Asks: 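Below is one structure. I have some questions about it.
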Amino acid sequence: MKLMHLSDLHMGKRVNEFSLLEDQKYILAQILSMVKREGADGVVLAGDIYDKPVPPAEAVQAFDGFLTQLGQWGIPVFVVSGNHDSAERLAFAARLLRGKGVYLSPVYDGKIEGVPLKDPYGEVMVYLLPFVKPAFVRHVFEGEEVNSYQDAVRVAIGHMDLDLKKRNVLVAHQFVTGAVRCESEEVLVGGLDQVDAALFAPFDYVALGHIHSPQHVGRETVRYCGSPLKYSFSEAEQEKSVTLVELREKGQVKVRELPLTPLRDMRRIRGTYLQVSALPFYRGANREDYVQVTLTDEEDVPDGMQKLRVIYPNLMRLEYDNKRTRENGDLSGGAQVGRKDSLELFAEFYELQNNQPMSTQQQAFVEKMIQGIQEARDR
């Protein structure tokens with residue numbers, strides 16, 4: 001049984017006001033070719049199909065075209081909602097599409113039934129767990145103690161009717177402890193959204209979404225496939241791919257990463273204005289690539305962005321690394337903010353205002369306050 005594992009398409013995403021829809025259509029076409037070439041028996045999409053709960057019409061049309069092609073080939077598709085998706089909108093027409101081999105996770109209601117696939121070794125059961133917050137699970141199972149994301153996933157899995165003699169696959173969208181995050185992913189204070197990989201012990205393969213860099217967590221078969229495109233400059237050095245999972249007899253799972261080639265890459269260039277402007281085909285790259293330029297000149301270049309866009313038409317960001325920016329602490333122009341959680345940002349603000357760091361007692365108070373706000377938002 002071969003399953004193509006995808007996640008974090010973020011259809012309709014804009015980066016620095018640049019629409020990536022053309023790039024997304026290009027990479028989806030490439031993935032379809034891979035599905036056909038590799039003879040995949042199914043495709044799983046582990047959440048964050050769209051970048052916003054209400055995606056633009058063009059993004060919906062592009063994803064619809066992707067599903068339609070897979071449906072015409074008779075390849076089953078398994079989709080769960082992520083934290084960026086609207087679970088209600090993504091589940092629209094789920095019962096109708098099920099008859100066409102497209103399985104969409106419903107709004108979480110505590111009932112998760114496996115979808116059977118068959119091969120010469122028997123049945124493979126695929127379970128679809130949408131992104132769950134503690135409030136979601138607590139609402140369904142009022143008698144259970146659900147105070148954290150760890151509790152939420154533990155209870156959700158505990159209420160699945162699993163046959164451990166069969167090969168079981170879970171498709172989920174959560175942050176597993178130990179995974180390496182990127183700048184473009186959401187961060188919760190104190191790692192409140194973390195769950196332990198040990199919760200997934202009953203499953204032969206766990207297809208995860210949420211983290212944009214391909215990696216396994218805990219064991220080889222608990223995997224993030226990563227996003228198919230780079231969505232922040234923190235991902236510039238990554239090699240994007242999709243994951244092909246082959247389940248043979250019980251206990252035998254083979255995993256391969258299939259590299260993807262984007263229409264436009266995302267890369268960073270550093271040097272003086274003269275150096276950067278003399279390197280329009282930097283390292284042999286595509287002139288149309290999305291670029292972040294860091295200039296090391298001590299003086300700002302007048303109209304630097306406009307001038308450099310003559311050479312790099314898809315220049316997204318222009319920054320300076322010089323004495324002034326280092327003294328002001330704004331070298332990255334705010335690029336590091338996305339890597340910090342709410343507590344870290346508040347602590348930095350407090351120290352800036354009071355010329356001293358928060359005490360341990362103050363940090364504990366602020367963390368509790370932020371957690372309460374997030375819990376209230378989840379209800």
Side-chain angles (χ1 to χ4, degrees), residues 7-8 46-50 52-54 78-92 94-95 103-115 125-162 168-179 181 185-203 206-211 217-218 222 224 341-343 346 364-379:
S7 76
D8 296 271
D48 281 357
I49 306 305
Y50 299 109
K52 296 181 182 300
V54 183
F78 304 89
V79 186
V80 302
S81 55
N83 58 301
H84 280 253
D85 299 311
S86 164
E88 293 82 0
R89 289 185 174 87
L90 196 62
F92 175 75
R95 285 179 291 180
Y103 301 89
L104 304 172
S105 64
V107 176
Y108 183 72
D109 60 1
K111 300 174 184 176
I112 299 178
E113 298 179 356
V115 179
M125 303 299 294
V126 182
Y127 294 85
L128 304 180
L129 178 63
F131 176 67
V132 290
K133 297 180 179 181
F136 299 172
V137 180
R138 196 162 50 233
H139 175 74
V140 176
F141 299 108
E142 296 181 356
E144 299 273 8
E145 185 175 344
V146 182
N147 299 314
S148 66
Y149 281 77
Q150 171 85 1
D151 292 339
V153 175
R154 173 182 55 79
V155 170
I157 291 176
H159 283 272
M160 294 181 188
D161 185 16
L162 299 174
N168 297 303
V169 173
L170 178 68
V171 186
H173 190 93
Q174 304 289 155
F175 176 50
V176 179
T177 306
R181 281 178 145 145
E185 298 143 6
E186 291 185 359
V187 180
L188 290 188
V189 60
L192 293 176
D193 54 348
Q194 295 185 17
V195 301
D196 195 322
L199 294 177
F200 304 122
F203 298 95
V206 182
L208 292 168
H210 190 45
I211 302 300
V217 189
V222 177
Y224 290 101
D341 63 29
S342 302
L343 181 60
F346 188 90
F365 174 79
V366 173
E367 183 170 356
K368 185 176 180 181
M369 180 179 65
I370 295 173
Q371 182 177 352
I373 293 170
Q374 291 171 337
E375 281 289 308
R377 184 185 63 183
D378 290 346
R379 294 191 188 106

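These numbers come from a predicted model, not from an experiment.
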Asks: Can you find a heavy atom in the side chain of Phe78 that is under 4.5 Å from one in the side chain of Val169?
Replies: no
Asks: Please assess Val155 against Arg138 for the test side chain to side chain contact (heavy atoms under 4.5 Å, CB included), listing each intermediate value before the final yes or no.
Replies: CA-CA 9 Å; Val155 170; Arg138 196 162 50 233; over 6 Å; no
Asks: Can you tell me if Asp109 has over 12 outside heavy atoms packed within less than 6.0 Å of its CG?
Replies: yes
Asks: With a 3.5 Å distance limit and no angle check, can you tell me whether Glu88 reaches the backbone of Val107 through a side-chain donor-acceptor pair?
Replies: no
Asks: For the residue pair Leu208 and Val222, establish whether any side-chain heavy-atom pair is separated by less than 4.5 Å.
Replies: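 Counting from C-beta outward, Leu208 and Val222 do come under 4.5 Å.
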Asks: Write down the atom of Ala172, the atom of Ala46, and the distance for their closest heavy-atom approach.
Replies: O-CB, 3.6 Å
Asks: Rounded to the nearest 0.5 Å, what separates atom NE2 in His210 from atom CG in Asp48?
Replies: 7.5 Å
Asks: Can you tell me how far the CG atom of Leu129 sits from the CE atom of Met160, to the nearest 0.5 Å?
Replies: 4.5 Å
Asks: If you measure from CG on Leu90 to OH on Tyr50, what distance do you get to the nearest 0.5 Å?
Replies: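 OH of Tyr50 is found 6.5 Å from CG of Leu90.
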Asks: Side chains of Tyr103 and Leu128: closer than 4.5 Å at any heavy-atom pair?
Replies: yes
Asks: Could you check if a side-chain atom of Phe92 sits within less than 4.5 angstrom of a side-chain atom of Leu104, using non-hydrogen atoms only?
Replies: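 Counting from C-beta outward, Phe92 and Leu104 never come under 4.5 Å.
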Asks: According to the interplanar angle, ranging from 0 to 90°, do the rings of Tyr149 and Phe131 count as parallel (below 30°), tilted (30 to 60°) or perpendicular (above 60°)?
Replies: tilted
Asks: Once you round to the nearest 0.5 Å, how far does CZ of Arg89 lie from CD1 of Ile49?
Replies: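 Interatomic distance, Arg89 CZ to Ile49 CD1, rounded to 0.5 Å: 15.5 Å.
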Asks: Just wondering, do Asp8 and Tyr224 contact through their side chains at under 4.5 Å, heavy atoms?
Replies: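 No. Closest side-chain heavy atoms not under 4.5 Å.
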Asks: Quick check: do Asp85 and His173 have side-chain heavy atoms less than 4.5 Å from each other?
Replies: no
Asks: Just by distance, do the side chain of Tyr127 and the backbone of Asp161 share a donor-acceptor pair under 3.5 Å?
Replies: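 The answer is yes, because a donor-acceptor pair under 3.5 Å joins these two groups.
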Asks: Only one of Glu144, Arg154, Lys111 forms a side-chain hydrogen bond (donor to acceptor under 3.5 Å, both in side chains) with His159, so which one is it?
Replies: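 It is Glu144, the one option of Glu144, Arg154, Lys111 that forms the side-chain hydrogen bond (donor to acceptor under 3.5 Å, both in side chains) with His159.
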Asks: Could you tell me if the side chain of Leu170 sits less than 4.5 Å from the side chain of Phe200, heavy atoms only?
Replies: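 Contact flag for Phe200/Leu170 side chains = yes.
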Asks: For residues Val137 and Asp151, determine if any side-chain heavy atom of one lies less than 4.5 Å from a side-chain heavy atom of the other.
Replies: no
Asks: Where do Ser81 and Ser105 come nearest, in terms of heavy atoms and distance?
Replies: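 So the minimum-distance heavy-atom pair works out to N-OG, 3.2 Å.
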